[in-house]
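The next block holds one structure in the form of structure tokens; read it before the comments.
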Amino acid sequence: MLMKEYRICMPLTVDEYRIGQLYMISKHSCEQSGGGEGVEVVTNESDSHPQHGPGQLTEKRIYLSSKLPSWAKTFVPRFFYVTEKAWNFYPYTITEYSVSFLPKFSIRIETRFENNNGDNSNVFGDTPTPEEDVSFLDILIDPIPEKHYKESEDPSRWLSSKTGRGPLEKGWRDNHKPMMCSYKRVQCSFEVYGFQTRTEEFIHRNIRDILLVGHRQAVTWIDEWHGLSIEEVREYEQAMQEKTNNKVKSSQNTDSPAASRPVFSRSISVTDERTLKKMGVTTAAMSDPSASSVPHGPIRLNSTPE
């Protein structure tokens, strides 16, 4: 198992990002759907937990066969989906991914948001992540894949007409107000001989890119979502969900006859990314019998990805 903690700062407050995250995930999912691939929302409903309070439970199926590296396609069916199940008890969330035919393949992402510049060394309140396993991602200077670059989403060129923020300049994390940090603890595992190291490293490389792109979008799209109420952004989320599902289903019905699809058993698995669309995760054990279905830690199947 390979575990890392990512810390991504943004020139926002935690309260603002609650709206921005929901907007960004919905818009991005719709943009990335089409041609038989993308994100199908299966469940999106309110949930509650005695410890974390009220929240939202979301289950999605992510179709992404063409986005796999060539070496992975040798053992992956032509048509498959990743199951994402997310418990969003903002400012704390858990997201898990699973693939029904790869039980040894898992991703689990714990996230907590705080109004600081990433200086909390034990944000999850248990065991501090070793310093060598902590990565600070800078939305301004860290490179992203060229295919994902858009000038309108470049923080060095961004200027918000609604808030007056931007563009960001070198050293912005030391003095910008407001400032928040997204702390993400990511555990991934693929315990298959000959593929483990390569796959786990592949997952983390893609997680890094996804996190950078997603957080850049949340900031630079601020004039699209700033000022929306939680009710308004939920309405937007619902409208985009229907549009996204229609795009995925219509393409699949046209391009891929149902008879050619393999049958999958339902995977049980957990705002972002949305955000992570590359691989899958195992179910997690509950920390409390009364704790609804919120997982506490990943179950290690045969020995065990945000």
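Heavy atoms only: backbone and side chains are in, while hydrogens, waters and symmetry mates are out. No experiment lies behind these values; they were computed from the predicted model shown. Along the sequence shown, the residues carry numbers beginning at 1.
For Glu153 (side chain) and Lys150 (main-chain N/O), no donor-acceptor pair under 3.5 Å exists by modelled atom type. The backbone N or O of Val14 sits less than 3.5 Å from a side-chain atom of Asn115, completing a donor-acceptor pair. Judged by distance alone, with hydrogens and angles left aside, the side-chain atoms of His28 form no donor-acceptor pair with the main-chain N or O of Met24 at under 3.5 Å. Formation of a donor-acceptor pair under 3.5 Å by the Thr220 side chain with backbone atoms of Arg216 is found in this model. Between the Asp209 side chain and the Ile144 main chain, no donor and acceptor come within less than 3.5 Å of each other. Judged by distance alone, the side chain of Asn245 and the main-chain N or O of Val41 form a donor-acceptor pair under 3.5 Å. Between the side chain of Lys4 and the backbone N or O of Asp133 there is no donor-acceptor pair closer than 3.5 Å.
Under the 4.0 Å criterion applied to side-chain N and carboxylate O atoms, Arg112 and Glu110 are not assigned as salt-bridge partners. Here Arg234 pairs with Glu237 in a salt bridge; the nearest charged N to carboxylate O distance falls below 4.0 Å. Salt bridge status for Arg185 with Glu5: absent, with no side-chain N to carboxylate O gap under 4.0 Å. Of the charged side-chain nitrogens involved, at least one lies within less than 4.0 Å of a carboxylate oxygen, so that Glu224 and Lys27 count as a salt-bridged pair.
By the ring-ring contact (aromatic ring centres under 6.0 Å, His included) test, His204 is found to be paired with Tyr6, residues two or more places apart in sequence or in another chain being considered. Annotation: ring-ring contact (aromatic ring centres under 6.0 Å, His included) contacts of Tyr183 (sequence neighbours excluded): none. In this structure Asp138 satisfies the side chain to side chain contact (heavy atoms under 4.5 Å, CB included) test together with Leu140, Ile141, Asp142, Trp172, Arg173, sequence neighbours excluded. A search for side chain to side chain contact (heavy atoms under 4.5 Å, CB included) contacts involving Met240 returns Ser26, Cys30, Tyr236, not counting sequence neighbours. For Arg205, there are no side chain to side chain donor-acceptor pair (under 3.5 Å) partners two or more places apart in sequence or in a different chain.
Of the residues listed (Val219, Leu12, Leu159), the one engaging Arg165 in a side-chain contact (heavy atoms from CB on, under 4.5 Å) is Leu12, and it is the only one.
Looking at heavy atoms from C-beta onward, Glu114 lies in side-chain contact with Val123 at the 4.5 angstrom threshold. Contact check for Arg61 versus Val42: side-chain heavy atoms found under the 4.5 Å cut-off. In this structure the side chain of Lys60 reaches within 4.5 angstrom of the side chain of Val39, judged on heavy atoms.
Ring pair Tyr17/Phe113 is perpendicular by interplanar angle, where above 60° counts as perpendicular and below 30° as parallel. The aromatic rings of His52 and Tyr92 sit parallel, their planes meeting at an angle under 30°, below the 60° perpendicular limit.
Rounded to the nearest 0.5 Å, atoms NZ (Lys184) and CD1 (Ile207) are 10.0 Å apart. Atom OH of Tyr90 is separated from atom CG of Asp15 by 7.0 Å, given to the nearest 0.5 angstrom. In this structure, CD1 on Ile62 lies 4.5 Å from CD on Glu84, to the nearest 0.5 angstrom. Taking CD from Glu40 and CD from Gln241, the interatomic distance works out to 10.0 Å, rounded to the nearest 0.5 Å. Considering CD1 of Ile222 and OH of Tyr23, their distance stands at 12.0 Å, rounded to 0.5 Å. The OG atom of Ser46 sits 9.0 Å away from the CG atom of Leu57 when rounded to the nearest 0.5 Å.
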Intermediate values then yes/no, side-chain contact (heavy atoms from CB on, under 4.5 Å), Leu137 and Arg208
CA-CA 8 Å; Leu137 303 183; Arg208 177 193 176 280; 4.0 Å; yes
Problem - Verdict with reasoning, Thr93 to Asn88, per side chain to side chain donor-acceptor pair (under 3.5 Å) - result: CA-CA 5 Å; Thr93 69; Asn88 188 342; 5.5 Å; no
Given Ser106 and Gln187, is the side-chain contact (heavy atoms from CB on, under 4.5 Å) satisfied, shown in steps? CA-CA 8 Å; Ser106 66; Gln187 301 175 47; over 6 Å; no
Begin with the C-alpha distance, continue with both residues' side-chain angles, and end with the deciding distance and a verdict on side-chain contact (heavy atoms from CB on, under 4.5 Å) for Ser160 and His226. CA-CA 10 Å; Ser160 168; His226 196 272; over 6 Å; no
Original post:
side-chain contact (heavy atoms from CB on, under 4.5 Å) between Tyr149 and Val213: does it pass, once the steps are laid out?
Top reply: CA-CA 8 Å; Tyr149 177 82; Val213 172; over 6 Å; no
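More than 12 heavy-atom neighbours from other residues, nucleotides or ligands sit within 6.0 angstrom of NZ on Lys162. Crowding of Glu131 atom CD: a count of heavy atoms from other residues, nucleotides or ligands under 6.0 Å not exceeding 12. The neighbour count for Glu232 CD, taken as heavy atoms of other residues, nucleotides or ligands under 6.0 Å away, is above 12.
Side chains of Asn44 and Gln56: a donor-acceptor N/O pair is present below 3.5 angstrom, by distance only.
The other members of the hydrophobic cluster of Val134, by chain and number, are Phe136 (side-chain heavy atoms under 4.5 Å, ILVMFWY only).
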